[in-house]
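Within every chain, numbering begins at 1; the chains are lettered A, B, ... in the order of the sequence lines, protein sequences first and strands thereafter. Below, each value reflects all heavy atoms present in this structure, side chains not excepted, and no hydrogens, waters or symmetry copies.
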Number of protein chains: 2
Amino acid sequence: MSAGREQGGTGDLEAVLKEAGLRITRQRRVILAILAGGGDHPDALALFRRASRQDPSISLSTVYRTMKVLEERGAIQRHTFEGGPARFEPADGVHHDHLIDLETGKVIEFRSERIERLQEEIAAELGYEIVSHRLELYGRRRGED
Amino acid sequence: MSAGREQGGTGDLEAVLKEAGLRITRQRRVILAILAGGGDHPDALALFRRASRQDPSISLSTVYRTMKVLEERGAIQRHTFEGGPARFEPADGVHHDHLIDLETGKVIEFRSERIERLQEEIAAELGYEIVSHRLELYGRRRGED
DNA sequence: ATGTATGCAAAGAGTTTGCAAATGT
DNA sequence: ACATTTGCAAACTCTTTGCATACAT
């Protein structure tokens, strides 16, 4: 099992847009920078608030539209954790799962080859092939409370 | 790994309400029977439509309210699969995970002790204890398409 | 110059809630 | 009898969309 995340450069996401023939607008530049630099998993509203600080003209619609475009290109991932709104993170190529701290909402990433393999086996036994999957652990720090 | 579900009797859910000092109304009786007898994972609207057939006076609010009450008592589970609305199933005591057929939306239940154990290990390594978790495989039948 | 992206306001899906009337115990 | 539950409509949260204007290329 492994945990942690590598910071992707800001340019990665802009490159995705450029290569798709899409435009790098002032708003998108701001949003992408936040997404690439945050290292966390903000929802649309959080993104909007952070972006507004740098450019008060940005609208929530643009945040959503930008997320949609990036998601379609596979440049970001959209997660819908229990209950809450969708949260976004830059796709770092390697699939990983999430542990959500129930007190703080903080998200810890991890990856387990063994679990990945087991999932494949299970799907195969049931006669299926996996297209995608989602493993989320909701927990609290040990020795708290 | 194991798959399948056992049918719980209709009385189970009514008993939960009774023991909680809540009332068994005509509407609840209908909704609970559908839930217990369906063997599937209907969303609120599906539940509402099926219930309406037996009792056209039932409202969607009542479906939602009934789900909430049962969920609070741990008698049912609420799942929010990718994108869609919440879907409900009677809690059969033993935790299980889900494989969702992407073509049909059908849900197959399974349980893997090994995965359960691995999850615990991972959480422990990260310094957490698991409160709940969610493992969903999205796939398509092999040899199709 | 041209098509793309934007902000705004309105609409949409899913779910919850306030209220007065109905109903289970 | 009396608290609980109901149906209805309105409110709410999150997200998408139509449209006229602004902007990147």
Side-chain angles (χ1 to χ4, degrees), chain A residues 13-35 41-49 51-73 75-88 105, chain B residues 13-35 41-49 51-73 75-88 105:
Chain A
L13 293 174
E14 289 196 10
V16 169
L17 294 180
K18 199 152 265 168
E19 277 155 33
L22 300 172
R23 295 174 182 175
I24 316 287
T25 63
R26 181 171 35 87
Q27 295 89 328
R28 282 181 177 168
R29 216 185 294 274
V30 170
I31 294 168
L32 299 198
I34 291 169
L35 210 45
H41 300 66
D43 60 27
L45 203 55
L47 231 27
F48 169 64
R49 279 191 291 246
S52 299
R53 248 177 270 141
Q54 294 188 230
D55 179 345
S57 85
I58 284 177
S59 78
L60 185 55
S61 310
T62 294
V63 171
Y64 275 113
R65 281 194 273 235
T66 304
M67 293 305 101
K68 177 179 256 191
V69 168
L70 291 175
E71 191 188 11
E72 284 166 359
R73 266 81 187 165
I76 63 165
Q77 282 218 238
R78 174 191 301 250
H79 301 292
T80 336
F81 301 132
E82 212 92 285
R87 298 171 64 171
F88 307 92
Chain B
L13 293 175
E14 290 196 11
V16 168
L17 294 181
K18 199 152 267 168
E19 277 156 33
L22 299 173
R23 293 172 184 177
I24 316 288
T25 62
R26 180 171 37 85
Q27 295 89 329
R28 283 181 176 165
R29 216 185 293 274
V30 170
I31 295 168
L32 300 197
I34 291 168
L35 210 46
H41 300 66
D43 61 28
L45 205 55
L47 231 28
F48 169 65
R49 280 191 291 247
S52 298
R53 246 176 273 141
Q54 295 189 230
D55 178 345
S57 85
I58 285 177
S59 77
L60 186 53
S61 311
T62 293
V63 171
Y64 276 114
R65 281 194 273 235
T66 303
M67 294 305 101
K68 177 179 257 192
V69 168
L70 292 175
E71 191 187 13
E72 284 166 359
R73 265 82 187 166
I76 64 165
Q77 282 217 236
R78 173 191 300 252
H79 301 291
T80 336
F81 300 132
E82 213 93 283
R87 299 171 63 173
F88 307 92

Original post:
Can you name the closest pair of heavy atoms from Ile58(A) and Gln27(A) and give their distance?
Top reply: CG1-CG, 3.6 Å
**OP:** With sequence neighbours excluded, tell me which residues meet side chain to side chain contact (heavy atoms under 4.5 Å, CB included) with Arg26(B).
**Re:** Asp55(B), Ser57(B)
**OP:** Would you indicate what Leu45(A) reaches in the nucleic acid, counting non-hydrogen atoms under 4.0 angstrom: base, sugar-phosphate, or nothing?
**Re:** nothing
Original post:
In residues 60-67 of chain B, which residues come under 4.0 Å of DNA chain D by heavy atom?
Top reply: Ser61(B), Thr62(B), Arg65(B)
**OP:** Can you sort out the partners of Phe81(A) under ring pair (Phe, Tyr, Trp, His ring centres under 6.0 Å), two or more places apart, ordered by chain and number?
**Re:** His79(A), His98(A)
Original post:
For the pair made of CZ in Arg23(B) and P in dT6(D), what is the distance, rounded to whole Å?
Top reply: 10 Å
Subject >> Minimum-distance pair of heavy atoms, taken over all atoms of Arg23(B) and Leu17(B) >> reply: O-CD1, 4.3 Å
Original post:
How would you list, by chain and number, every residue that makes a side chain to side chain contact (heavy atoms under 4.5 Å, CB included) with Tyr64(B), sequence neighbours excluded?
Top reply: Ala44(B), Leu60(B)
**OP:** List in chain and number order the residues that pass side chain to side chain donor-acceptor pair (under 3.5 Å) with Ser59(A), two or more places apart in sequence or in another chain; answer none if no residue qualifies.
**Re:** Thr62(A)
**OP:** Measure from CD1 on Ile58(A) to C1' on dA22(D) and round the result to the nearest Å.
**Re:** 15 Å
**OP:** For Ile24(B) and dT6(D), give me the distance from atom CD1 to atom C1', rounded to whole Å.
**Re:** 15 Å
Subject >> chain A contact limits on DNA chain C, taken 5' to 3' with a cut-off of 4.0 angstrom to heavy atoms >> reply: dG3(C) to dA9(C)
Original post:
Which heavy-atom pair separates Glu14(B) from Ile24(B) by the least distance, and what is that distance?
Top reply: O-CD1, 3.6 Å
**OP:** Identify the heavy atoms of Leu47(B) and Pro42(B) that sit nearest to each other, and give their distance.
**Re:** CD1-CG, 3.6 Å
Subject >> Residues which pass side chain to side chain donor-acceptor pair (under 3.5 Å) with Glu71(A), listed by chain and number, not counting sequence neighbours >> reply: Arg78(A)
Subject >> Worked check of side-chain contact (heavy atoms from CB on, under 4.5 Å) between Thr66(B) and Leu32(B) >> reply: CA-CA 9 Å; Thr66(B) 303; Leu32(B) 300 197; 4.0 Å; yes
**OP:** Would you mind telling me which residue lines up with the more 5' stretch of DNA chain D, Arg87(A) or Leu22(A), judged by nearest nucleotide?
**Re:** Arg87(A)
Subject >> For the student: nearest non-hydrogen atoms of Ile76(B) and Met67(B), plus distance >> reply: CD1-O, 3.4 Å
Original post:
For DNA chain C, whose closest nucleotide is more 5', that of Arg26(B) or that of Ser59(A)?
Top reply: Ser59(A)
**OP:** Rounded off to whole Å, could you give me the CG-to-C1' distance for the Leu47(A) and dT15(D) pair?
**Re:** 14 Å
Original post:
Which residue, Thr25(B) or Pro85(B), contacts DNA chain C at a nucleotide closer to its 5' end, judged by nearest heavy atom?
Top reply: Pro85(B)
Original post:
How large an angle, rounded to 10°, do the end axes of the helix from dA1(C)-dT25(D) to dT25(C)-dA1(D) enclose when each is built from five base pairs?
Top reply: 30°
Original post:
For the side chain of Gln27(B), counting heavy atoms from C-beta on, which of dT6(D), dA3(D), dT17(D) is nearest?
Top reply: dT6(D)
